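Here the structure comes first, spelled out in structure tokens, and everything after it is commentary.
Keep in mind it's a predicted model, so treat the numbers as computed, not measured. Below, read A as the first sequence line, B as the second, and so on, with proteins coming before strands; counting in each chain starts at 1.
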Number of protein chains: 2
Amino acid sequence: MSAGEQHGGRVTIRQVAVHAGVSEAAVSYALNGRPGVSEQTRARVLAAARELGWAPNIAARSLGTARANAVGMVLVRPPRVMVVDSFFTQMLSGVEAELNRAEVALVLHLVDAFEQTIDVYRRWYAGRAVDGVILTDLRHDDPRPAALRDIGLPGALIGGGPDDFDLCGLSSVDADVAGTARGILGYLRALRHRDVARVAGPADLLHTAQRDAAYAAAADDLGDLRYRVVHTNYSAADGMRATRELLSTAGPPTALVFDNDVMAAAALRVAHEMGLAVPADFSVVAWDDSDLCQITVPEITAMVQTPALQAELTARALLRALAGGEPTHVVLPAGTLTARGSTRPPKRLG
Amino acid sequence: MSAGEQHGGRVTIRQVAVHAGVSEAAVSYALNGRPGVSEQTRARVLAAARELGWAPNIAARSLGTARANAVGMVLVRPPRVMVVDSFFTQMLSGVEAELNRAEVALVLHLVDAFEQTIDVYRRWYAGRAVDGVILTDLRHDDPRPAALRDIGLPGALIGGGPDDFDLCGLSSVDADVAGTARGILGYLRALRHRDVARVAGPADLLHTAQRDAAYAAAADDLGDLRYRVVHTNYSAADGMRATRELLSTAGPPTALVFDNDVMAAAALRVAHEMGLAVPADFSVVAWDDSDLCQITVPEITAMVQTPALQAELTARALLRALAGGEPTHVVLPAGTLTARGSTRPPKRLG
DNA sequence: CTGAAAGCGCTAACAT
DNA sequence: ATGTTAGCGCTTTCAG
């Protein structure tokens, strides 16, 4: 609360200059921590700026430097179809953590249809509204990476890593899905489960495809484990549908693994409807952990993921790319399993 | 996909002008739908602009007009403490719906501590980063409205309406909390409940205070209904703590109402732990509805709210204020009750 | 190391 | 109805 703060905004660099008794250019240098000005002047300028409550005019700076100092994210409405709400908020938190550090703004844009996304990118690029974008929920044959390359707009990917997909020069940050899948199946196998079914997310998400491959490989490695999968749209209702389907087969699985926590919780209800008990009749594991996994009866065994960290590193990778760095591909450690009451050895051992 | 789109961005108004064979000013007029240019030229300009893939440079426009064409929201991290995740995403969706219509960008900013919010507002104002802000989760004696007035930054409130609070000239959009509270207690009373306890949100949220008053008044009106309340931090764990507390009293309530869906779901677990049955031993009602209320056993009776609409109208009110309009105070209809299996008449009728 | 001046792309007041 | 021009506030060359 220094003396001058009652001025309250809209102070120009010119006023700071006269206040400090130097030129506008000197102020600019001083404020941006550049050479070309003595330490003494710098100190005086900074003092004057603080005293007057100066803050840079975003538009003027952008216009001069041709940088928006902002990054954008386009989401498809409704969010719940693409990401679970809690995953989304954690992701947002991670992105912001990194952007705040760099004093870069986050511009959010929701579109009604996936196809509109690229138009937004084009507009953003043309208008220099953002310097780059962060992508999530890549789909099979997702047109966005190539579009970004064609447009010339930098980007970075949360998930949807390098394995089987042309990233078009974008950076990516993935979790170790192979390790996570091995962790889950290995854990169940150690409990003697030999028939595991998975209630997965939407088949067209790359995210899901990664897990498809990871689970299949992990099951293969174990050798004596039957593994099947049903895809859903991530909603509770669809998860229940899939769960019912799997449990209604002749020779139902002894363990069900879910691609998110909501569907896992919903499975407990299905069990109840079908007169089955968890974990007596079948075990349940959720890929993501959340409060939800701890308010059910029984509590749900879950793989703890780090979406906020993943998002934070993605934002960092984008900022590096904006600074001229090469694309990077980070893989975070596999999730850690928290065993709870929803898992135990199957009734009939194989 | 017109012919010229391969140009791909960064087209200036000057290029459009030469392409259309007119002056820069004429292009500006034509593009912004203003008088001062014939329909014929306008058409030609628009065609040229589309052909070249022109989009306005955000910074240049802002600098010229002294408007950012953006509104901001500052949230306190972690979001889950202040708003339930699903409420937050719905709110975001509503805000964006309105802003997109007006081609206004949304800038999101997360801070670690509530106190930092006003600094961000000040910086945003000084730098013309946003034209206005949307506030949520007003607290008791919240300093933000007055700060905005002092700073000179327009704003609008999601919730925290006009009743008992100096809004400092801000617009607000509220749900009819009084009506909702009456709806819930009336419904329970009609089932013959005469002893209802509430597991509420954080006491320092104005939001919660509104409900406190609404429930108290509704209980008073009914006359023969005992009502008590315990405040929580909205988390599942704290909700369970409060639920346990209430059910452990001598003469426990026959119905519990919850300020959010997560705590309501968590209460079912508490019931199980305590050897109680829902709705046999006590009924459960949630203020917000969500998928969660439909995957529990029993399903949870809930008040359906319209957070997206509330947020949308708030954004609209803000845009109106930016256009010079007077502050407005909208009150949305009370929530509608969806009765499910978690409620029924109490065992011992009063 | 410092000061003057040009220019980023647009809008809006001016002159034509 | 159209074209000319002067800024918006900042950064950044270029002389001093």
Side-chain angles (χ1 to χ4, degrees), chain A residues 7 9-46 48-49 52-70 103 105 123-129 131, chain B residues 7 9-46 48-49 52-70 103 105 123-129 131:
Chain A
H7 284 252
R10 268 52 179 298
V11 179
T12 77
I13 215 173
R14 151 147 281 269
Q15 300 174 52
V16 176
V18 305
H19 193 89
V22 296
S23 72
E24 287 186 44
V27 173
S28 178
Y29 287 140
L31 257 18
N32 295 317
R34 312 209 173 205
V37 53
S38 71
E39 273 316 311
Q40 202 181 10
T41 344
R42 186 186 305 280
R44 228 162 15 127
V45 168
L46 290 175
L52 296 173
W54 177 86
N57 180 304
I58 302 295
R61 172 171 285 179
S62 292
L63 192 54
T65 58
R67 293 183 103 265
N69 292 305
E103 298 191 28
R123 218 159 49 232
W124 275 353
Y125 174 83
R128 283 192 193 282
D131 300 313
Chain B
H7 283 253
R10 268 55 179 296
V11 179
T12 77
I13 215 174
R14 150 148 282 269
Q15 298 174 53
V16 176
V18 306
H19 194 88
V22 295
S23 72
E24 286 187 45
V27 173
S28 178
Y29 287 139
L31 257 18
N32 295 317
R34 311 209 173 202
V37 56
S38 71
E39 274 316 312
Q40 202 181 10
T41 357
R42 186 187 304 281
R44 226 158 20 121
V45 168
L46 290 175
L52 296 173
W54 176 87
N57 180 303
I58 302 295
R61 173 172 285 179
S62 292
L63 192 56
T65 58
R67 294 183 104 265
N69 292 305
E103 299 191 28
R123 217 159 49 233
W124 275 353
Y125 175 83
R128 284 193 192 282
D131 300 314

Any Thr65(A) side-chain N or O less than 4.0 Å from OP1/OP2 of dC10(D): no

Spacing of Gln15(A) atom CD relative to dC10(D) atom C1', expressed in whole Å: 14 Å

Student check: side-chain heavy atoms of Thr12(A) and Asn57(A) closer than 4.5 Å: no

Arg44(B) side, atom CZ; Glu39(B) side, atom CD - distance, nearest 0.5 Å: 12.5 Å

Trp54(B) CH2 to dG9(C) C1', straight-line distance once rounded to whole Å: 10 Å

Leu63(A) CG to dT11(D) C1', straight-line distance once rounded to whole Å: 10 Å

Sugar-phosphate only, base, or nothing, as touched by Ala25(A) at under 4.0 Å among non-hydrogen atoms: base

Value in whole Å for how far the P atom of dC8(C) lies from CZ of Arg61(B): 19 Å

Any Asn57(A) side-chain N or O less than 4.0 Å from OP1/OP2 of dC8(D): no

Integer-rounded Å distance: dT12(D) P and Asn32(A) CG: 7 Å

Per Val22(A) side chain, nearest of listed nucleotides dC10(C), dG3(C), dC10(D): dG3(C)

Point-to-point distance, once rounded to the nearest 0.5 Å, from CZ of Arg42(B) to CG of Asn32(B): 9.5 Å

Bending between helix ends of the helix from dC1(C)-dG16(D) to dT16(C)-dA1(D) [5 pairs per end, 10° resolution]: 50°

Which nucleotide in dG9(C), dG3(C), dG9(D) has an atom nearest any side-chain atom of Ala26(A): dG3(C)

Ile58(B)/Asn69(B) under side chain to side chain contact (heavy atoms under 4.5 Å, CB included): CA gap, chis, key distance, verdict: CA-CA 8 Å; Ile58(B) 302 295; Asn69(B) 292 305; over 6 Å; no

Nearest-angstrom distance from the residue atom CZ of Arg14(B) to C1' of dT11(C): 15 Å

Steps toward side chain to side chain contact (heavy atoms under 4.5 Å, CB included) verdict (Val27(A), Trp54(A)): CA-CA 11 Å; Val27(A) 173; Trp54(A) 177 86; over 6 Å; no

Ser28(A) side-chain N/O to dC10(D) phosphate OP1/OP2 under 4.0 Å: no

Which residue lies more 5' along DNA chain D, comparing Arg128(B) with Tyr29(B) via nearest heavy atoms: Tyr29(B)

Inter-residue atom distance Arg61(B).CZ - Leu63(A).CG, 0.5 Å rounding: 13.0 Å

Distance in Å, Gln15(A) CD paired with Leu52(A) CG, rounded so as to fall on 0.5 Å steps: 7.0 Å

For atom CD of Glu24(A) and atom P of dC1(C), their distance in whole Å: 21 Å

Sugar-phosphate, base or nothing in reach of Thr41(B), heavy atoms under 4.0 Å: sugar-phosphate

Between dC10(C) (P) and Asn69(B) (CG): distance, integer Å: 14 Å

Minimum-distance nucleotide (side-chain atoms of Ser38(A) versus dT12(D), dT2(C), dG3(D)): dT2(C)

